[in-house]
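Quick note on labels: first sequence line is chain A, next is B, and so on, each numbered from 1. Atoms considered below: every heavy atom in the structure, side chains included; atoms not considered: hydrogens, waters and symmetry mates.
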2 protein chains.
Amino acid sequence: MTKKTTIYDIAKKLNITAATVSRALNNNPRISKNTRELVLATAAKMNYKQNRLALALKSGKSKNVGVVVPYINRNFFSSVIRGIEDELYPKGYHVIISQTHEDQGRELKILQNLLNAQVDGILLSTSYTSQEKEKLDTVLKKSTPFIFFDRKPDIPDISSVTIDDYQGGYDATKHLIDQGCTKIAHLHVSNGLELYKNRLQGYKNAILDSGLEFKPEYVIPLKSDIEAGMEAAKALMKLPEPPDAIFSSTDNGLLGAVKYLQDLSIKIPEDFCVVGFSNEPFTQFMNPSISSVDQSPVEMGRMAAKVFLEQMDNDQSIKIHKKVVLPIKLVVRKSSSRKS
Amino acid sequence: MTKKTTIYDIAKKLNITAATVSRALNNNPRISKNTRELVLATAAKMNYKQNRLALALKSGKSKNVGVVVPYINRNFFSSVIRGIEDELYPKGYHVIISQTHEDQGRELKILQNLLNAQVDGILLSTSYTSQEKEKLDTVLKKSTPFIFFDRKPDIPDISSVTIDDYQGGYDATKHLIDQGCTKIAHLHVSNGLELYKNRLQGYKNAILDSGLEFKPEYVIPLKSDIEAGMEAAKALMKLPEPPDAIFSSTDNGLLGAVKYLQDLSIKIPEDFCVVGFSNEPFTQFMNPSISSVDQSPVEMGRMAAKVFLEQMDNDQSIKIHKKVVLPIKLVVRKSSSRKS
DNA sequence: TTGTACGCGTTATCAC
DNA sequence: GTGATAACGCGTACAA
């Protein structure tokens, strides 16, 4: 209601100077016990609250970090943010979130905006349209710590936290082979993101390592949505030699494929095995429940936050960076369980 | 890398004063076209960026809003945030998010923290442990705009955006009755939140309006998790006269109940109908797909943001408030479809 | 049209 | 141990 009380107000009331009040509030040793207690008491009485903005301007540290994701309300990203906030809040940081809507233009504006707001760091998962690294470069040239998570461009000296997508693709495919599948297709999200390429590579190597033949026609490029998955399954089943399993880089795509297969009365896992990627919550509620590669999003968020904190602790004049690759975990469910 | 350039830097370079630079940058009319262009050009050349912190301190407006929810990575809340950010970002606001972890103590600290950070407003969905209104009162006494969404305490002069929970309970129950169900149970989340009480009331009135008998033993209090739902279903089926339908205030609870019923080989919807609340994404992937009351979380977020913006436009000395109740929409799926 | 001076709230560096 | 003063970067009333 009333004007906010400042240290100046309480200084006037006590007939001392604002500097003294500041010292008392900040436990400065060079101050008499007497005045400290007096200040603390009247501060409480006047309901004084520190203005973080003024402090930020003075210190150059806003105690805010920007987190930039394509969309907040995707389970994966909201869970990463969950981890980030859990880790950063206890350290006194506030988390500012922005959504790129998968648009590089918007992404660049957002980054510039956050920088203008003097955030102490930016944690970013790029939009897949963000292909022009040079543009990103101009903003990366700042001294503000930058950490990529999950989706990252191929830039050498910037910190990043990702999962082992290659291993995820490898493990999922190997698992299908172990279940007796020999003709394994792959739904490949072809938006240019490195992580999907890595999953594809893992798939390919698992096939080759097992002595199976890698068939390019078994790799279907698609967007990460349900309809695309249906179309992909349709195309696959029309092949002269249809596959007997699918490893999909995205749970959403797989969902569409499964619907299509079930419409054809193909039994999963008896006739056909499937494994997805991301371990979206819905995979466990489907019938049959769907195996998927878990990305531990919350841990990824925590880790990204930790890397940021490390970077802050260091002398800012030294530019350090750190690449963290988190392990994945294949969650086996009914959709790929032929043997107990 | 290098020091950030300020208006002083560019003033020095041009042998003019910072005030002039400021005016040029802000399209102040009282300035010569010549110097304006000169300033703009060198500002661009020196890569000048406005420091929002300084502006905030000066103007008293941080252009930040705080959004406080129990957990960010719940589909409902992340979707609300999605709506808020979509609406506020184009207006130049940044969204700061914090999680209460359903803990009132933490909630109060967060609110105080946000106020210290000089946010221009706070959008809040209270934790269910937040029962002591008096404590909340001290922070509501500030001039900072406050908007509750979804979960709100019963405080008269604060803005809020909620859905019509009563109608949701009513419609869901009425729908079950229309499908031929006569013994309808209700899973009631008993954490004290008003919204659950409203859903219960809707349920009760729909029963009474249809000439059915309201049986207290059909109302099972529970927590909003899967295990609790299983327990509830177990208890219900052990009654002398078990129900033939469930309306649940929470999709999660219903999920557990459905699992239990299916273990008993009870056929849904033939033998038993169910309707949930929240329209969680997984409801459409279950087998059978689950009917549920949709809360349009994204729209709720947008609306909460709009109410905030309205409040900002108004003269701050006038305290206004606005209560918005959004309509619900019953999404009918297989779990309650006996008739086409 | 431009310059001067000040204030936003805080802390740090001098003095005393 | 405390006071006075400057500084963080910006916008603006008042002068000129």
Which atom of P145(A) lies closest to which atom of D120(A), heavy atoms considered:
CD-O, 3.1 Å
Could you tell me whether L55(B) contacts a base, only the sugar-phosphate backbone, or nothing, with contacts defined as non-hydrogen atoms closer than 4.0 Å?
sugar-phosphate
Distance in angstrom units between L57(A) CG and dG7(C) C1', rounded:
12 Å
First encountered from the 5' end of DNA chain D, between A54(A) and A19(B)
A54(A)
Residue-level proximity of residues 30-43 of chain B to DNA chain C when a heavy atom falls under 4.0 Å
R30(B), I31(B), S32(B), T35(B)
Please classify the nucleic acid contact of N28(B) as base, sugar-phosphate, or nothing, using heavy-atom distances under 4.0 Å.
nothing
Measure from CG on N51(A) to P on dG7(C) and round the result to the nearest Å.
17 Å
So, is Q118(B) near the phosphate of dG9(C), with a side-chain N or O under 4.0 Å from OP1 or OP2?
no
Can you tell me how the ring of H101(A) sits relative to the ring of Y71(A), calling it parallel under 30°, perpendicular over 60° and tilted otherwise?
parallel
For K12(A) and dT10(C), give me the distance from atom NZ to atom C1', rounded to whole Å.
16 Å
Residues forming a side chain to side chain donor-acceptor pair (under 3.5 Å) with K49(B), sequence neighbours excluded:
N47(B)
Relative orientation of the end axes in the helix from dT1(C)-dA16(D) to dC16(C)-dG1(D), expressed as an angle to the nearest 10° (five pairs per end)
50°
Could you state the atom-to-atom distance from CG of N26(B) to P of dT1(C) in whole Å?
17 Å
Do E107(A) and S127(A) get their side chains close enough for a donor-acceptor pair, meaning under 3.5 Å?
yes
Rounded to whole Å, please give me the gap between NZ in K4(A) and P in dT10(C).
11 Å
Suppose we call a contact any N or O donor and acceptor under 3.5 Å apart; does that hold for the side chain of R52(A) and the base of dG9(C)?
no
Please determine if a side-chain N or O atom of T17(B) lies less than 4.0 Å away from the OP1 or OP2 oxygen of dT2(C).
no
Between atom OH in Y8(B) and atom C1' in dC6(C), what is the gap in whole Å?
10 Å
Between dA5(C) atom P and R23(B) atom CZ, what is the distance in whole Å?
14 Å
From CD of Q50(A) over to C1' of dG9(C), roughly how many Å is that when rounded to an integer?
9 Å
With sequence neighbours left out, what residues match N26(B) under side chain to side chain donor-acceptor pair (under 3.5 Å)?
S22(B)
Does any N or O donor sit under 3.5 Å from an N or O acceptor when you compare the side chain of K58(A) with the base of dT10(C)?
no
Salt bridge (Lys or Arg N to Asp or Glu O under 4.0 Å) partners of residues 78-88 of chain A, not counting sequence neighbours, each pair once
R82(A)-D86(A), D86(A)-R302(A), E87(A)-R302(A)
Going 5' to 3' along DNA chain D, which nucleotides are the first and last within contact of chain A (any atom under 4.0 Å from a heavy atom)?
dG1(D) to dG9(D)
Heavy-atom pair of closest approach, residues A18(A) and I7(A):
O-CD1, 3.9 Å
Just call it for T20(B): base, sugar-phosphate, or nothing, with non-hydrogen atoms closer than 4.0 Å on any strand.
sugar-phosphate
Report which part of the nucleic acid L53(A) touches: base, sugar-phosphate, or nothing (heavy-atom distance under 4.0 Å, all strands).
nothing
